[in-house]
Number of protein chains: 2
Amino acid sequence: MTIYGLLIFDRAEELDFVGPWEIFTASSMLRDGADTAVLIAETTDPVRCNKGMRVLPDHRLDDHPPLDVLLVPGGNGAREVQVHNPVVKDWIAKVAAEAAWATSVCTGAALLHASGVARGRRVATHFSYEDRLEAAGDVTVVRDARYVVDGNVVTSQGVSAGIDMALWLVGRLHGRDHARQVRRYVQYEPAPPYLADEPVA
Amino acid sequence: MTIYGLLIFDRAEELDFVGPWEIFTASSMLRDGADTAVLIAETTDPVRCNKGMRVLPDHRLDDHPPLDVLLVPGGNGAREVQVHNPVVKDWIAKVAAEAAWATSVCTGAALLHASGVARGRRVATHFSYEDRLEAAGDVTVVRDARYVVDGNVVTSQGVSAGIDMALWLVGRLHGRDHARQVRRYVQYEPAPPYLADEPVA
């Protein structure tokens with residue numbers, strides 16, 4: 001049984017946490033509901049995400065089950081607000097020390113770094129934030145990897161990269177064959193359009 | 001200015017609508033906020049999605065701005081409940097007739113079909129639902145395409161396929177170069193793990 005805790009806050013980027021949420025919960029479904037995923041925030045008030053979606057947290061920072069996996073999303077709320085919020089930073093440091101894995105998506109890496117969790121680590125972040133994170137010091141930004149595994153800290157590039165990272169993690173936790181089943185269930189066989197420039201029909 | 005309306009309901013699959021939501025809203029951000037995306041449901045009560053995430057709708061079926069794009073997600077709520085809900089089916093038929101585009105993700109195609117919108121069309125759906133949708137009649141299920149464009153009806157395969165479809169649509173609406181910028185912003189350069197079977201480090 002794996003318990004996934006996804007931190008959310010105002011102006012968290014929607015796909016940063018919903019991509020991994022879908023992977024973690026699909027993984028649990030395919031394991032007969034063995035696992036649990038919860039959204040955790042400072043209060044149980046609705047969170048207004050970075051692009052305006054309003055989501056209800058399941059738990060408060062001071063009232064949630066012990067986590068095996070912590071996930072920290074990015075968005076303006078991460079890099080502009082929560083990096084200055086001692087309550088959230090202290091919570092991340094405490095939970096990351098107890099959990100098996102501490103993970104981030106996009107500029108969530110800035111919040112992991114501000115909390116001390118990513119200090120001295122190799123990390124990935126959104127391409128537009130790489131210089132700024134590196135300038136913060138005591139961290140090595142890997143610029144050419146979709147996600148970076150350094151010990152039990154796993155960080156990923158911008159927004160959609162959390163899907164790949166989450167699939168890697170469920171494979172690490174529950175086996176490659178299982179991860180392949182999850183990928184099949186969510187039909188993650190990407191076909192981004194406009195990679196070529198073809199005549200319009 | 002483009003107005004995107006994403007229908008949600010209990011047991012809608014999370015990534016089915018949040019993937020396109022991220023693409024549509026990122027597109028708007030890169031167009032200086034020119035566009036609007038809203039979540040629409042039967043009531044403004046919180047919706048409990050298929051994997052347990054609770055989301056607040058922005059508008060009711062009878063009180064929303066006129067839509068340019070309608071998006072219908074899948075999930076158990078689509079194929080088991082809403083296909084039997086005349087209020088939602090009538091709304092879909094009415095809105096699809098007025099909107100420029102009617103789209104679906106995953107088993108949302110079943111709901112588009114039950115509403116009459118996908119009748120006589122070529123459509124995509126989740127791989128596990130293809131036989132059942134085809135058996136419903138008066139529809140051609142395309143089994144080997146990530147998303148299918150038939151006139152102004154655009155349907156996509158399971159869960160994650162909505163991201164590709166939404167990128168195609170913003171390119172169709174606002175140009176390929178713009179769609180490429182959106183793809184860059186969300187760093188949609190997929191790298192699914194475990195496509196090969198390599199030695200574990």
Side-chain angles (χ1 to χ4, degrees), chain A residues 13-16 18-19 21-26 28-29 36-39 46 50-58 106 126-128 145-147 149 156-161 163-165 167-169 171-172 176-177 179-180 183-195 197 200-201, chain B residues 13-16 18-19 21-26 28-29 36-39 46 50-58 106 126-128 145-147 149 156-161 163-165 167-169 171-172 176-177 179-180 183-195 197 200-201:
Chain A
E13 191 73 28
E14 283 86 334
L15 190 55
D16 285 22
V18 178
W21 169 275
E22 183 72 45
I23 300 300
F24 297 151
T25 56
S28 176
M29 183 196 73
T36 303
V38 293
L39 297 177
N50 209 27
K51 299 298 196 295
M53 184 175 289
R54 291 172 300 152
V55 177
L56 289 169
D58 300 307
C106 201
H126 191 269
F127 70 88
S128 69
R146 184 81 169 146
Y147 50 90
V149 184
S156 50
Q157 291 184 328
V159 194
S160 64
I163 296 172
D164 299 290
M165 180 188 73
L167 276 169
W168 177 83
L169 189 60
R172 180 69 175 69
R176 293 174 180 189
D177 287 342
R180 288 167 185 148
R183 188 168 77 83
R184 175 84 174 131
Y185 167 77
V186 300
Q187 273 196 282
Y188 189 50
E189 296 149 9
Y194 311 119
L195 296 186
D197 211 299
V200 177
Chain B
E13 192 73 28
E14 283 86 335
L15 190 56
D16 285 22
V18 178
W21 169 274
E22 183 73 45
I23 300 301
F24 297 151
T25 57
S28 176
M29 183 195 74
T36 303
V38 293
L39 298 177
N50 210 26
K51 300 298 195 296
M53 184 174 290
R54 290 172 301 152
V55 177
L56 289 169
D58 300 308
C106 200
H126 191 269
F127 69 88
S128 68
R146 184 80 168 146
Y147 51 90
V149 184
S156 50
Q157 291 183 328
V159 194
S160 64
I163 296 172
D164 299 291
M165 180 188 73
L167 276 169
W168 177 84
L169 189 59
R172 180 70 175 70
R176 293 175 180 189
D177 287 342
R180 288 167 185 148
R183 188 168 77 83
R184 175 85 174 130
Y185 166 77
V186 300
Q187 274 197 280
Y188 188 50
E189 296 148 9
Y194 312 119
L195 296 187
D197 211 299
V200 177

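What you are looking at is a predicted structure, and each value in this text was computed from that prediction instead of being measured.
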Visitor: Answer whether the closest heavy-atom distance between the side chains of Tyr194(B) and Arg183(A) falls below 4.5 Å.
Guide: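 A side-chain contact is absent here, since even the closest heavy-atom pair is not under 4.5 Å.
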
Visitor: So which residue, Ala26(B), Gly158(B), Pro46(B), ends up with the most heavy-atom pairs under 4.5 Å with chain A?
Guide: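 Top count of heavy-atom pairs under 4.5 Å with chain A: Gly158(B).
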
Visitor: If you look at every heavy atom in Tyr147(A) and Ala191(B), which pair is closest and at what distance?
Guide: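 Closest approach of Tyr147(A) to Ala191(B): CE2-O, 4.2 Å.
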
Visitor: Against chain A, label Trp168(B) side chain, backbone, both or neither, depending on which of its atoms sit under 4.5 Å from a heavy atom there.
Guide: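 For Trp168(B), the contact with chain A is made by backbone and side chain together.
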
Visitor: Backbone N or O of Pro57(B) within a donor-acceptor pair of the Arg54(A) side chain at under 3.5 Å?
Guide: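 Yes; at least one donor-acceptor contact below 3.5 Å.
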
Visitor: What residue, out of Glu13(A), Arg184(A), Gln157(A), Glu189(A), has the most heavy-atom pairs lying under 4.5 Å from chain B?
Guide: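 Greatest number of close heavy-atom pairs with chain B: Arg184(A).
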
Visitor: Return the option, out of Arg172(B), His126(B), Met29(B), with the maximum number of heavy-atom pairs under 4.5 Å with chain A.
Guide: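 Greatest number of close heavy-atom pairs with chain A: His126(B).
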
Visitor: Just how far is it from atom CG of Leu15(A) to atom CD of Glu22(B), taken to the nearest 0.5 Å?
Guide: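 Between atom CG of Leu15(A) and atom CD of Glu22(B) there are 5.0 Å.
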
Visitor: What is the minimum heavy-atom distance between Tyr188(A) and Pro190(B), and which atoms define it?
Guide: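 Tyr188(A) and Pro190(B) have their closest heavy atoms at OH-CB, 3.4 Å.
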
Visitor: What is the distance from atom CD1 of Ile23(A) to atom NZ of Lys51(B), rounded to the nearest 0.5 Å?
Guide: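 Separation between the atoms: 10.0 Å.
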
Visitor: Can you tell me which portion of Tyr185(B) sits under 4.5 Å from chain A's heavy atoms? Options are side chain, backbone, both or neither.
Guide: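 Both parts, backbone and side chain.
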
Visitor: Heavy atoms only: give me the nearest Asp164(B)-Pro192(A) pair and the separation to one decimal.
Guide: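 What the structure gives for the nearest pair is OD1-N, 3.0 Å.
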
Visitor: Could you have a look at Val186(A), Asp16(A), Leu195(A), Asn50(A) and say which one has the most heavy-atom pairs with chain B under 4.5 angstrom?
Guide: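 Greatest number of close heavy-atom pairs with chain B: Val186(A).
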
Visitor: Measuring heavy-atom distances to chain A, does Leu39(B) have an atom under 4.5 Å in its side chain, in its backbone, in both, or in neither?
Guide: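 Just the side chain, heavy atoms under 4.5 Å.
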
Visitor: Under 4.5 Å heavy-atom distance to chain A, tell me which part of Asp58(B) shows up: side chain, backbone, both or neither.
Guide: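 For Asp58(B), backbone and side chain are both near chain A.
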
Visitor: When you measure from the side chain of Gln187(A) to the backbone of Phe127(B), do you find a donor-acceptor pair of N or O atoms at a distance under 3.5 Å?
Guide: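 Judged by distance alone, yes, a pair lies under 3.5 Å.
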
